[in-house]
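Computed from a prediction, not measured in an experiment: that's the story for all the values here. For ligands, and for the atoms within them, numbers begin at 1 and follow the listed sequence.
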Amino acid sequence: MCSFKLQQVTQTTMNQTLLWFRQDFRLDDHPALLRAIKMGQPIVPMVILDPSWFEHTRLGLPKMGRYRARFWKESIEDLANSIEKTGGSLIVREGLPESVLADAVDEFGIHSLVAMTYPGTEEADTEVNIESAVPSSCAIQWVEGHTLLHTDDLPFEIDDLPKVFTPFRKKVEKEVDVREPVSAPSKISWSTHVVNTPWQEVLETSQLSTQAGDWTRDTRSVLPFKGGESAGRARLDEYFWQGDHLKVYKNTRNGLLGANYSSKFSPWLANGCISPRRIWSEVKRYERERVSNESTYWLIFELLWRDFFQFSAWKHGEALFHAGGIQGKAVQQEPNKEKFQRWAEGQTGADFVDANMHELNATGFMSNRGRQNVASFLSQNLGVDWRMGASYFETMLIDYDVASNWGNWAYNSTVGHDPRNRQFDVARQAKMYDAQGRYRRTWLQESLF
Ligand SMILES: Cc1cc2nc3c(=O)[nH]c(=O)nc-3n(C[C@H](O)[C@H](O)[C@H](O)COP(=O)(O)OP(=O)(O)OC[C@H]3O[C@@H](n4cnc5c(N)ncnc54)[C@H](O)[C@@H]3O)c2cc1C
């Protein structure tokens, strides 16, 4: 018997606003939520579990692997609980967003649909499909809100985004103010709809739950990553305020072992559990209350890197996924399956690369230093098509984000925004960043016995 109380479906003829939480599982500083509130109608909050998340890539792997799936599931649970605390009830549906939303317009008497907009070709296709599926009686509003800077505030059109990061950074640092984050209102006028399948039941029986699976975290993982806005805010509190790690971030950020060499905010940022502007405002508070130094600046510097890749993905669209990248360069990289497989399994014989791949496979996370090395090694040392690596990361990373992933992969494979030919000497890198071999011992120990 179902353990959840079944409720009656109530058809409504009211004018309501549907707020679709896409990959922004939070209430704090959520521009689409604020826009929905402005509409002045009851808000129907919805998450859609899209089966296309699990379609297989050319490598024969699901796009969303188990690490991200569990993180997303936990994030949705946390969002549902937060909505409940403010008097609402999250609706979770499974299906293609365009079909689910078209049906919801009738079912809930929706006159406005509000959601965040994202870069990425699949994301853009989804928006186009929704626009043609949803009846014209329902106005659709796509709201920007996952970056530190708003594109309306940039001193150039997105098509004129500088080719290289440094001129971009210098220009925006001089000319753009970050918009202050806006806290979630304590009272939200959620719809009083009732549905006959509670969110818990839909989530538990979904493909997302199946993909999330039931596995035990590897004890060597840098952090026990848990999805959700609450866990994201707790991590921020721990890293900035309790542990006071921000003041040394610039010196530690190239580390490989442990929770605090870097912020580890990426899974929460990538899945929208925390707003980059909230992180920015906490850095500013830290600078006022504790210390302002190169490290505090550097965290914002990294958030600008993130923005740069997001804007680049918006600008370049489809070209982000071409073999020659945004440069349209002729590259000598082959889709060599055998070499790729050795790399993916951490069996290349280059111990620093192998250790990093073992960490990724066992935990869904890898440091930035590691990612740069393994990407450069696959595309430049092994001469394998960089897109196989990017696609593998898409499946495996807990913090996968289309713009950051494909943009960084291209960058480290000579076809992206880097004006130089960036090839890492992995043996030298190992000496510099893992001089005592602790990192390699941690991740290669099973292959030593
Ligand atoms: C090949 C490759 C693939 C990558 N794929 C992803 C990805 O799918 N998702 C992702 O979030 N990051 C990706 N990165 C960027 C970076 O490695 C991670 O953001 C970072 O390691 C996450 O750890 P952290 O949160 O502790 O970072 P911190 O050093 O604490 O940085 C703070 C935040 O700044 C942002 N950031 C830092 N460096 C970068 C960067 N180079 N590019 C974009 N944003 C950055 C992240 O949001 C990060 O959480 C990739 C890098 C490479 C080289």
Notebook entry, point to check: What protein heavy atom is closest to atom 28 (P) of ligand 1, reported as residue, atom name and distance in Å?
Noted result: Tyr249 OH, 3.3 Å
Notebook entry, point to check: Is the closest N or O pair between Gln372 and ligand 1 shorter than 3.5 Å?
Noted result: no
Next item on the list: With the side chain counted from C-beta on, respond yes when Met116 and Gln23 share a heavy-atom pair under 4.5 Å apart, and no when they do not.
Entry: no
Check: How close does the nearest protein non-hydrogen atom get to atom 40 (C) of ligand 1, and which residue and atom is it?
Finding: Asn408 ND2, 3.6 Å
Notebook entry, point to check: Under 4.0 Å from any heavy atom of Asp401, which atoms of ligand 1 are there?
Noted result: 7 (C), 8 (O), 9 (N)
Margin query: Could you check whether Lys170 pairs with Glu173 (Lys NZ or Arg NE/NH1/NH2 to Asp/Glu carboxylate O, under 4.0 Å)?
Written below: no
Checklist line | Electrostatic pair Glu55-Lys63, nearest N-O below 4.0 angstrom | finding: yes
Item checked: Glu359/Arg440 ion pair, N-O < 4.0 Å -> no
Check: If you measure every N/O of Ala375 against every N/O of ligand 1, is any gap under 3.5 Å?
Finding: no
Checklist line | Leu246, Asn405, Ile398, Leu223: member with heavy atom nearest to atom 5 (N) of ligand 1 | finding: Asn405
Margin query: So that I can tick it off, tell me whether Asp78 and Arg233 are bridged by a salt bridge, with the cut-off set at under 4.0 angstrom between side-chain N and carboxylate O.
Written below: no
Notebook entry, point to check: In this structure, which one of Asp153, Asp307, Asp29 forms a salt bridge (Lys or Arg N to Asp or Glu O under 4.0 Å) with Arg277?
Noted result: Asp29
Margin query: What protein heavy atom lies closest to atom 22 (C) of ligand 1? Include the residue and the distance to one decimal.
Written below: Ser266 OG, 3.2 Å
Next item on the list: Could you go through the ring-ring contact (aromatic ring centres under 6.0 Å, His included) check for His417 and Phe165 one step at a time?
Entry: CA-CA 7 Å; His417 281 283; Phe165 173 70; 9.8 Å; no
Notebook entry, point to check: What atoms of ligand 1 come within less than 4.0 Å of a heavy atom belonging to Phe309?
Noted result: 42 (N), 43 (C)
Next item on the list: Give the C-alpha distance, both sets of side-chain angles, the deciding distance and a yes or no for salt bridge (charged side-chain N to carboxylate O under 4.0 Å, His left out) between Glu302 and Arg253.
Entry: CA-CA 11 Å; Glu302 293 300 339; Arg253 58 179 281 276; 2.9 Å; yes
Notebook entry, point to check: What atoms of ligand 1 come within less than 4.0 Å of a heavy atom belonging to Trp409?
Noted result: 1 (C), 3 (C)
Next item on the list: Identify the protein heavy atom lying closest to atom 24 (P) of ligand 1, giving its residue, its atom name and the separation to 0.1 Å.
Entry: Lys264 N, 3.5 Å
Notebook entry, point to check: What protein heavy atom sits nearest atom 34 (O) of ligand 1, and how far off is it?
Noted result: Glu302 CB, 3.5 Å
Next item on the list: May I ask whether Phe365 has any heavy atom positioned less than 4.0 angstrom from an atom of ligand 1?
Entry: yes
Next item on the list: Examine Ser263 against ligand 1 and note whether any of their N/O atoms are separated by less than 3.5 Å.
Entry: yes
Notebook entry, point to check: Which of the atoms of ligand 1 are close to Asn412, meaning less than 4.0 Å from one of its heavy atoms?
Noted result: 53 (C)
Margin query: Pairs of nitrogen or oxygen atoms closer than 3.5 Å, one from Asp399 and one from ligand 1: do any exist?
Written below: yes
Check: Which residue and non-hydrogen atom of the protein lie closest to atom 6 (C) of ligand 1, and at what distance in Å?
Finding: Arg371 NH1, 3.3 Å
Check: Relative to the heavy atoms of Leu269, which atoms of ligand 1 are at a distance of less than 4.0 Å?
Finding: 47 (O), 49 (O)
Item checked: Enumerated ligand 1 atoms positioned under 4.0 Å from heavy atoms of Leu397 -> 5 (N), 7 (C), 8 (O)
Note to self: I need the nearest protein heavy-atom contact for atom 16 (C) of ligand 1: residue, atom name and distance, please.
What the structure shows: Asn368 OD1, 3.3 Å
Note to self: Looking at Lys337, I want to see if its NZ is surrounded by more than 12 non-hydrogen atoms of other residues, nucleotides or ligands under 6.0 Å.
What the structure shows: no
Check: Between Asp218 and Arg220, is there a side-chain N and carboxylate O pair less than 4.0 Å apart?
Finding: yes
Next item on the list: Indicate, as side chain, backbone, both or neither, the part of Arg306 found under 4.0 angstrom from ligand 1 when only non-hydrogen atoms are considered.
Entry: both
Check: Taking 4.0 angstrom as the limit, do Lys284 and Glu180 come out as a salt bridge?
Finding: no
Note to self: Below 30° counts as parallel, above 60° as perpendicular, anything between as tilted: where do the rings of Tyr411 and Trp305 land?
What the structure shows: perpendicular
